[in-house]
Amino acid sequence: MSTLSLAVLFAMGVLAGTINAAVGSGSLLTLPVLLALGVAPGTAVRTNTLGMVFSTIGSVIGFRREIAAERSNRLGPLVATVLVCAAIGSCLLLISPPGALEVVVPVLIVVALGLVIFQPRIASALARRRERGDGATRRDEDAAADASAVPAHAPGADALRPSPADAGVYRSPAFLASMGASSLYGGYFTAAQGILYLGVLGVFTGRPLRSVNATKNLLSLLVNLTAAGVYLVAHVVLDAEIVWAAAAAIAMGSLLGGYAGSHVAKRLPEGVLRGVIVVVAVVALVRQIL
């Protein structure tokens, strides 16, 4: 691979890492470059995943304080679900035809886009439903919920912090199933998984997208590490091809971008962040369709 090609991949890695930290789906910048350079789809996904692992490492370092605050929510079941489903998704990539990506990716991007756009309304509906379910023994809370009709986390400074109620949400079957499905996709393709995570986390917790970004980056790191581990084993055992020079160029760029992007993401207003997510998702969708 030429020096110019590696330089382009490094630059795209910086941009992709920045986008990953703030939104997700940064791989939709680097993956098309690999494909344009003539790398086969399966090889491109494996190469890109190995490089973009460093993006999520940089993001997690930047969000380390916020991630530490989430420990009170007992993330064990969520982490286990993500790891298992990501491993299954990675194995599916090794045996599935390349054309399957063309069908799965646009559908899931549309789902993620809908979750992000309608997240406040969906979160409000889920919060009211939970309140009605508890209302048989707590009428006073029912009245407060009906009067406010807002998500579990009202806007403001407190909405940016984890709530004790999140621990229950993080262990609910519906939430774990949704995150498991997102992680299955993440292990399979890795690109755009961050948008799915933001949508699911925002809907189930009712917290602002900026508040759940740290958890999204932690889970993305787990998925990427799992997928990279599977691909490395496949490289050794099954001789699955990886373009190491390209992976290294993306890794160096995405590490820098991921760390820088984590600081940018913390300062973005909720409306701006949501708008950026929508734009990135639409561009990704159009690119996949075309």
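Index from 1, following the sequence.
- Under the ring pair (Phe, Tyr, Trp, His ring centres under 6.0 Å) criterion, Phe175 pairs with Tyr170, Phe204, not counting sequence neighbours.
- For Gly261 against Ala21, the heavy-atom pair with the smallest separation is C-CB, 3.4 Å.
- Transitive grouping of hydrophobic side chains (ILVMFWY, heavy atoms separated by less than 4.5 Å) brings Ile19 and Met52 into a common cluster.
- Remark: Arg64 CZ to Ser59 OG distance equals 12.5 Å, nearest 0.5 Å.
- The minimum heavy-atom distance linking Leu196 with Ser182 is given by the pair CB-OG, 3.9 Å.
- In this structure, CG in Leu256 is found 11.5 Å from CG in Leu15, a value given to the nearest 0.5 Å.
- Ala44 is linked by a side-chain contact (heavy atoms from CB on, under 4.5 Å) to Leu31, Leu34, Leu35, Val39, counting only residues two or more places apart in sequence or in another chain.
- Qualifying side-chain contact (heavy atoms from CB on, under 4.5 Å) partners for Ser220, counting only residues two or more places apart in sequence or in other chains: Thr56, Gln193, Tyr197, Lys216.
- Between atom SG of residue Cys91 and atom CG of residue Leu184 there is a gap of 10.5 Å, rounded to the nearest 0.5 Å.
- Follow the hydrophobic side-chain contacts under 4.5 Å out from Val200 and you reach Val79 in the same cluster.
- Shortest non-hydrogen contact noted between Val14 and Thr18 is O-OG1, 2.9 Å.
- No side-chain heavy atom of Val230 sits less than 4.5 Å from a side-chain heavy atom of Leu93.
- Here Arg207 pairs with Glu70 in a salt bridge; the nearest charged N to carboxylate O distance falls below 4.0 Å.
- Considering CG of Leu9 and CE of Met1, their distance stands at 6.0 Å, rounded to 0.5 Å.
- Ala234 is linked by a side-chain contact (heavy atoms from CB on, under 4.5 Å) to Leu94, Leu238, Ala240, counting only residues two or more places apart in sequence or in another chain.
- Between Thr81 and Leu176, the closest heavy-atom pair is CG2-O, 3.5 Å.
- Note on residues 213-236: pairs passing ring pair (Phe, Tyr, Trp, His ring centres under 6.0 Å), not counting sequence neighbours, are His235-Trp244.
- Taken to the nearest 0.5 Å, the CG atom of Leu83 stands 4.5 Å off from the OG1 atom of Thr226.
- Ile57 meets the side-chain contact (heavy atoms from CB on, under 4.5 Å) test with Val53, Phe54, Ile61, Leu221, Leu255; sequence neighbours excluded.
- No single ILVMFWY cluster, assembled from side-chain heavy atoms under 4.5 Å apart, contains both Met252 and Val33.
- Side chains of Leu78 and Leu219 form a contact here, defined as non-hydrogen atoms less than 4.5 Å apart.
- A single hydrophobic cluster is not seen to contain both Phe10 and Tyr259; linkage of ILVMFWY side chains at heavy-atom distances under 4.5 Å, directly or through other members, places them apart.
- Hydrophobic clustering (ILVMFWY, side-chain heavy atoms < 4.5 Å, transitive): Leu201 and Val60 are in one cluster.
- In this structure, Met12 and Ile250 have side chains that are not in contact, with every pair of non-hydrogen atoms separated by 4.5 Å or more.
- Nearest heavy-atom pair, Ala249 versus Leu6, reported as atom, atom and distance to 0.1 Å: CB-O, 3.6 Å.
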request  = Could you please spell out the steps behind the side chain to side chain contact (heavy atoms under 4.5 Å, CB included) verdict for Leu232 and Val236?
outcome  = CA-CA 6 Å; Leu232 287 173; Val236 174; 5.8 Å; no
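- The two residues Thr43 and Glu241 come nearest to each other via the heavy atoms CG2-O, 3.4 Å.
- Between Leu37 and Val8 there is no side-chain heavy-atom pair separated by less than 4.5 Å.
- Panel note: side chain Thr30, backbone Asn48; no donor-acceptor pair is recorded below 3.5 Å.
- Judged by distance alone, with hydrogens and angles left aside, the side-chain atoms of Thr49 form no donor-acceptor pair with the main-chain N or O of Ala228 at under 3.5 Å.
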